[in-house]
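These figures come from a predicted structure and were not determined experimentally. Every chain is numbered from 1, with letters handed out A, B, ... down the list of sequences.
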Amino acid sequence: MNLSDSLQSYFFISAALLGLGVFGLLMRRNLVAMLISLELILNSASLNFVALNRFCLADKSLGQVFTVFIVALAAAEVCIALSLVLWLYRKKESINVEDANELKN
Amino acid sequence: MDLDLLWTIQLSPLLAFLLITLLPKALKKTAPMVGIGLALAAALASLKLFSLHADGAGMPQEYMRPWFEISRQSLWPFVEIQNYSLSVGFLVDRLNLLMIMVVTTITFFVQLFSFYYMAQDESRGRYFGFLSFFSFAMTGLVLSSNLLQTFLFWELVGLTSYLLIGFWYQKPAAADAARKAFVINRLADLGFYLGILLLFILFGTVDFLKLEQNVLTQTLPASTLTILGLLVFTGVMGKSAQFPFHVWLPDAMEGPTPVSALIHSATMVAAGVFLLARAFGLFASSQTTLLVILIVGSLTAVTGAVLATVQRDIKRILAYSTVSQLGLMVMAVGAGSAVAGMFHLTTHAYFKSLLFLTAGAFIHRFHTNDIFEIACGGGKKELLPLGALLLGLASLCGVFPFAGFFSKDMILEVLRERGVIFYGISILVSFLTVYYSSRLLFVILFSPARETRHGKHHETWVSQISGSVPLVMLGAISVIVGLQGTSVFDFKILRWLGGHETHLNIQILWTTTALIVGGALTAFFLFRDPALAEKRLREDQGILRRVLERKLFIDDVYQFLVKKVVLKLASLLDWFDRAFVNGVLVNRTSYLILGVGRWLSRVQTGFLQDYLTWALTAGLAVLFWTIHLSSGKL
Amino acid sequence: MSLQDVVFICIAAMTLLGAFLAVWLKNVFHNALSLILCLFGVAALFIFLNAEFLAVIEVIIYIGAISIAIIFAIMLSRPWFHQSAPRDPIKLVRSALASALLFGGLLQLLRLTQWPVADPAAGDFSMRGIGRSLLTTYALPFETVSLVLLIAIIGALVVSTSKENSS
């Protein structure tokens with residue numbers, strides 16, 4: 001059986017993408033870098049959907065449709081997030097999340 | 001019918017109090033009328049009630065409403081009970097009916113007299129209000145069907161006594177006296193209350209009727225019964241001014257004289273003896289208790305009589321006399337005869353209140369309490385008060401055929417059977433009684449009248465009547481009541497109370513006659529010339545006199561105890577409360593909580609990623625738990 | 001190990017390398033470029049999964065639009081003025097730990113689950129099929145997503161054009 005025909009390999013990749021995305025989310029100080037990590041996470045979810053669609057649910061195209069939605073929503077989200085980034089930069093002259101700590105205590 | 005009458009008796013005084021309190025200023029003048037009128041109503045109702053049950057049938061009757069019941073087994077190994085219950089209600093039986101008649105009639109006469117006595121006082125309304133409230137409380141005490149209810153009214157009576165003793169509160173002496181009375185009463189009531197609690201725990205009820213049954217049928221260890229009896233007796237000691245709690249009664253004379261007549265001779269102080277008779281079964285169940293009661297009564301009787309012999313103040317003489325007579329009553333009960341005690345209580349109530357009202361008449365007339373001054377002011381010219389005084393004192397000394405003779409004789413007889421010592425004590429007390437009574441009489445009679453310093457003030461004929469009628473009535477009753485205990489009236493009272501008929505014991509008759517003659521002669525020789533006697537009184541500094549004048553130093557003992565012991569203890573506890581309870585328990589706890597809160601709030605660093613990390617940690621926990629649950633492999 | 005497998009492994013490696021670089025490199029511009037690499041890899045993986053339409057969508061929208069927008073944002077925030085501070089080791093450790101645990105746990109969970117197996121050849125993954133289901137079975141989510149897009153645009157406009165003192 002080819003590797004590309006086994007569900008587990010796709011699981012491995014998507015889990016790895018998820019892990020890396022979370023790592024970036026928790027570690028990076030730059031707001032745009034956090035956004036990039038978020039994109040990774042979304043992609044891992046899409047990959048999961050499509051893989052499961054192919055291997056477990058073959059009579060409908062639910063996974064792909066869902067992925068289309070994910071892409072659309074990702075676009076919307078990036079749009080809003082970027083406007084917030086610009087706004088934060090205007091306010092604080094930096095997009096370092098550690099500078100935005102007004103909720104302290 | 002019964003219940004209506006009972007409610008009338010109980011609530012008329014309360015109604016009077018409420019009306020007087022709530023009256024608008026304009027109508028305040030009618031306050032005395034309201035008080036007197038409703039007191040009359042109560043008195044008539046109780047007479048009617050008595051007449052309904054005169055044949056003694058259908059008693060005891062209880063009108064009760066259950067208050068609460070707890071159903072559980074007894075807390076105590078010796079006793080079998082099913083449930084704990086408290087009720088409220090009226091009890092009607094022979095003892096009650098007699099007592100309520102005494103109380104309401106004397107109350108009415110005192111209220112009537114107060115109209116005369118307090119005619120010039122500005123705070124008349126307040127006086128009559130409190131007096132009525134006292135009636136309400138006293139009636140409640142007499143008519144109640146269980147110990148707890150009695151205790152409630154007991155405390156209320158103590159409260160009204162405080163209010164009335166301190167009626168002229170601007171006088172520091174009066175305020176102090178009121179406080180002293182209340183505090184001592186409260187102290188004694190502590191024991192009383194403990195006794196009630198203990199009774200409730202043991203028997204599950206404090207109903208008089210049920211308690212009677214219980215004490216008879218259950219077998220408790222003697223020590224328990226003794227303790228119970230003694231605890232309840234401490235309440236009696238407080239209320240009835242027994243040694244060493246008697247110190248409040250002489251000071252209570254700071255209040256208006258009618259108050260002394262009502263409360264401190266006839267009703268409130270009698271409540272203690274009433275309780276003794278009411279719960280007699282409890283006391284009689286232990287010989288030790290009875291002995292203690294006997295001893296305390298003896299001490300009281302002697303102390304009162306002795307101290308009465310050196311007083312200048314007419315009210316103080318009567319006050320100590322009351323103490324002494326109460327002691328006699330208590331002795332009678334301690335010797336085993338509640339009947340003798342109650343009989344003497346009845347006669348004493350009438351002639352003592354008569355005596356106090358007489359004193360009130362003198363005081364009102366001459367504006368002084370001092371017997372020598374009254375005498376010099378022309379006391380013997382006031383015929384009605386003088387006659388009443390003579391009658392009252394004769395009764396007190398036990399002269400035949402006045403009331404006191406029969407009841408005192410009965411007590412002497414009971415004590416003689418009990419033991420020689422106690423009989424001897426009672427003889428001594430009787431002698432002293434005659435002595436101080438004669439002293440009072442002779443001082444007033446034999447003093448030459450000097451110029452009257454105070455002009456006679458004119459009173460309205462209404463107040464004159466209201467001042468005189470009670471004296472006459474009480475005087476008459478004093479005579480009749482005594483005769484009720486003899487074959488003349490078929491031993492009515494004694495049969496009523498359940499005692500046996502006594503015939504005049506010749507030996508006792510001789511003894512008392514001898515006492516009377518002896519005492520009177522002694523006083524006569526000493527006070528033939530009152531002026532001389534007064535001089536000697538002032539100059540004599542002998543040890544006996546000094547001891548007696550300092551009231552046997554008992555008050556000083558109390559003072560010492562309070563200052564050194566009680567106050568020190570109080571300040572110690574205060575320090576403890578501030579330092580420990582406040583400092584440690586309260587303050588430290590709050591600092592602790594604040595500190596923990598502050599430490600915990602460090603989680604909120606303000607950094608987004610820290611929050612994310614926490615969220616992820618939680619999520620991971622759930623994830624691993626799910627894996628563990630679903631497969632057991634990790 | 002067939003040729004298909006080798007290709008697959010290469011593509012997977014490219015994806016993961018891109019992802020790793022996207023989070024690890026300090027220069028945020030490099031991160032964006034690595035993201036693009038990663039997305040290309042994901043598109044290739046979609047082709048492996050018979051989702052050609054999706055692969056094209058991925059390239060056009062994700063790489064062509066979203067990543068470009070990200071690069072716009074990077075440029076507008078002037079990254080070359082900021083000296084990136086040294087990495088905080090505690091943060092590094094705890095993030096690495098958390099993500100490693102997540103990775104492990106998730107993989108284990110996925111491995112343990114019993115997945116139903118279906119015949120891969122029977123699916124209708126053509127564009128026509130997707131289009132039809134978008135407008136019939138999944139019409140509601142489709143419309144909702146359009147609504148979301150609209151709101152997102154409006155929101156972004158509002159936020160970005162608000163004056164300093166009115167925020």
Most heavy-atom pairs under 4.5 angstrom with chain A, which of C:L97, C:I57, C:L25, C:I153? C:L25
Look up atom OG in A:S61 and atom OH in C:Y138, then write down how far apart they are to the nearest 0.5 Å. 6.5 Å
The test is side chain to side chain contact (heavy atoms under 4.5 Å, CB included); show your working for C:F142 and A:V65 and say whether it passes. CA-CA 9 Å; C:F142 180 66; A:V65 166; over 6 Å; no
Of all residues at least two apart in sequence or in a different chain, which pass the side chain to side chain donor-acceptor pair (under 3.5 Å) check with C:E58? none
Given side chains that start at C-beta, do those of C:L92 and A:F23 come closer than 4.5 Å, heavy atoms only? yes
What residue, out of A:N48, A:L7, A:I36, has the most heavy-atom pairs lying under 4.5 Å from chain C? A:I36
Side-chain contact test, heavy atoms from C-beta onward, threshold under 4.5 Å: evaluate it for C:K91 versus A:L26 and give yes or no. no
Of the listed residues (A:I80, A:V68, A:V50), which shares the most heavy-atom pairs with chain C below a 4.5 Å separation? A:V50
Within this structure, what is the OG-CG distance for the pair A:S37 and C:N31, rounded to the nearest 0.5 Å? 7.5 Å
Option in A:G21, A:S44, A:G63, A:A74 with maximal non-hydrogen atom pairs under 4.5 Å from chain C: A:A74
Between C:L110 and chain A, with a heavy-atom cut-off of 4.5 Å, which part of the residue counts as in contact: side chain, backbone, both or neither? both
Can you tell if the side chain of C:T144 reaches within under 4.5 Å of the side chain of A:F69, non-hydrogen atoms only? no
Would you say the side chain of C:F29 lies within less than 4.5 Å of the side chain of A:V32, judging by non-hydrogen atoms? no
Nearest-0.5 Å distance, OG of residue A:S6 to CG of residue C:D5: 9.0 Å
Pick whichever of A:L25, A:L84, A:L73, A:L62 has the most heavy-atom pairs under 4.5 Å with chain C. A:L62
Please determine, among A:L40, A:N43, A:L82, the option with the most heavy-atom pairs under 4.5 Å with chain C. A:N43
Are C:V158 and A:S83 side-chain neighbours, meaning at least one heavy-atom pair lies under 4.5 Å? no
Hey, can you tell me if A:F12 and C:F103 have their rings parallel, tilted or perpendicular (30° and 60° cut-offs)? perpendicular
Are C:L106 and A:F11 side-chain neighbours, meaning at least one heavy-atom pair lies under 4.5 Å? no
Check step by step if side chain to side chain contact (heavy atoms under 4.5 Å, CB included) holds for C:L107 and A:Q8. CA-CA 9 Å; C:L107 205 55; A:Q8 293 296 329; 5.5 Å; no
Contact winner vs chain A - C:L45, C:I61, C:V7, C:I11, heavy-atom pairs under 4.5 Å: C:L45
Selection from C:V42, C:L134, C:V159 maximising heavy-atom pairs under 4.5 Å formed with chain A: C:V159
State, yes or no, whether a side-chain contact exists between A:F55 and C:P116 at a heavy-atom distance under 4.5 Å. no
Name the region of A:E39, side chain, backbone, both or neither, that has any atom closer than 4.5 Å to a heavy atom of chain C. both
Determine, using ring centers only, whether C:F8 and A:Y10 are less than 6.0 Å apart. yes
Please step through side chain to side chain contact (heavy atoms under 4.5 Å, CB included) for the pair A:F49 and C:L54, ending with a clear verdict. CA-CA 12 Å; A:F49 268 112; C:L54 221 50; over 6 Å; no
